[in-house]
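Here the structure is laid out as C-alpha cells; the discussion comes afterwards.
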Amino acid sequence: MNAMQEQLFLELRQTQAEIEKSLKNQQKQAWLTSILEEELEDVDTALRKFKAGNFGKCEISGEMMPDYLLKMIPTLKSIKDSEDLETYCKKPIY
C-alpha cells in the first residue's frame, strides 16, 4: 500500500466510524438513515477492496483508476461513475 492509499484507508476507517456513530443516534429522519446506510455500504466495500488488494480497480474494465479520482471519491467503483458525476455536477471534476 502506497502513502496515498494508506491515507485513504485511514480516512475511510474514520468515515466508517462516524457513520456508524451517526446511525446509532435514533433522532434522524428515515430518509437520512437510508442515505447513511448506503454511504456506509460504499465505505465498507472500499475497505474490503483494500484488504483484498484490489482497491482502485475499475469494476467494469479492471483497469486502475487515476489517483486524483480516488483522492476525491475513494468509494468510486468505476470510471463510468466519475463520468456520470460530471453530468450531474454540470462541470468537470478534474
Side-chain angles (χ1 to χ4, degrees):
M1 189 179 320
N2 65 36
M4 182 215 60
Q5 289 179 336
E6 188 173 328
Q7 179 64 33
L8 290 176
F9 180 78
L10 294 173
E11 288 176 16
L12 284 166
R13 293 287 308 263
Q14 181 179 357
T15 300
Q16 180 187 44
E18 291 171 0
I19 293 172
E20 288 172 345
K21 181 180 177 182
S22 182
L23 283 170
K24 289 179 184 176
N25 178 358
Q26 299 298 321
Q27 300 175 3
K28 284 181 296 313
Q29 302 293 326
W31 63 268
L32 180 56
T33 299
S34 174
I35 291 170
L36 289 172
E37 287 171 345
E38 288 178 24
E39 186 63 25
L40 181 59
E41 181 57 37
D42 287 345
V43 170
D44 289 343
T45 298
L47 289 170
R48 282 192 300 274
K49 287 180 179 182
F50 265 111
K51 291 174 184 175
N54 57 11
F55 174 78
K57 281 189 178 179
C58 175
E59 291 182 359
I60 296 172
S61 69
E63 297 178 24
M64 291 302 292
M65 293 183 282
D67 285 348
Y68 67 90
L69 284 177
L70 294 171
K71 285 180 186 177
M72 288 188 292
I73 310 168
T75 57
L76 195 63
K77 295 179 181 180
S78 70
I79 295 292
K80 173 139 180 31
D81 291 344
S82 70
E83 293 166 357
D84 292 343
L85 285 173
E86 283 189 43
T87 301
Y88 294 115
C89 294
K90 302 291 186 205
K91 62 181 181 178
I93 60 172
Y94 308 124

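For the single chain, residues carry numbers from 1 onward in sequence order.
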Exercise for the section: Mind checking the CD-CD spacing from E41 to Q16? Nearest 0.5 Å is all I need. Expected result: 10.5 Å
Exercise for the section: If a pair satisfies salt bridge (charged side-chain N to carboxylate O under 4.0 Å, His left out) and one of its residues is in residues 57-79, list it, with sequence neighbours excluded. Expected result: D42-K77, K49-E59
Exercise for the section: Mind checking the SG-NZ spacing from C58 to K80? Nearest 0.5 Å is all I need. Expected result: 10.5 Å
Handout entry: Aromatic ring pairing F50/F55, orientation class (parallel under 30°, perpendicular over 60°, tilted between)
Key = parallel
Problem - Side chain proximity check, Q14 to L10, heavy atoms < 4.5 angstrom - result: no
Exercise for the section: Pick out which of T45, L12, L8, T15 makes a side-chain contact (heavy atoms from CB on, under 4.5 Å) with T75. Expected result: L12
Practice task
Verify the cluster assignment for L47 and M4: are they in a single hydrophobic cluster under the rule of side-chain heavy atoms below 4.5 Å apart?
Solution key: yes
Exercise for the section: Sequence neighbours left out, what pairs pass salt bridge (charged side-chain N to carboxylate O under 4.0 Å, His left out) with at least one residue falling in residues 2-15? Expected result: none
Handout entry: Test item: D44 and L40 side chains (from C-beta on) under 4.5 Å apart, heavy atoms
Key = yes
Problem - same_hphob_cluster(I19, I35) at 4.5 Å side-chain heavy-atom cutoff - result: yes
Exercise for the section: Establish whether M72 and L76 are linked, either directly or via other cluster members, by ILVMFWY side-chain heavy-atom contacts under 4.5 Å. Expected result: yes
Problem - Smallest separation among heavy atoms of I79 and P66, with atom names - result: CD1-CD, 3.6 Å
Practice task
Using the rule that two of Ile, Leu, Val, Met, Phe, Trp, Tyr join whenever any of their side-chain heavy atoms come within less than 4.5 Å, decide whether M65 and Y68 are in one cluster.
Solution key: yes
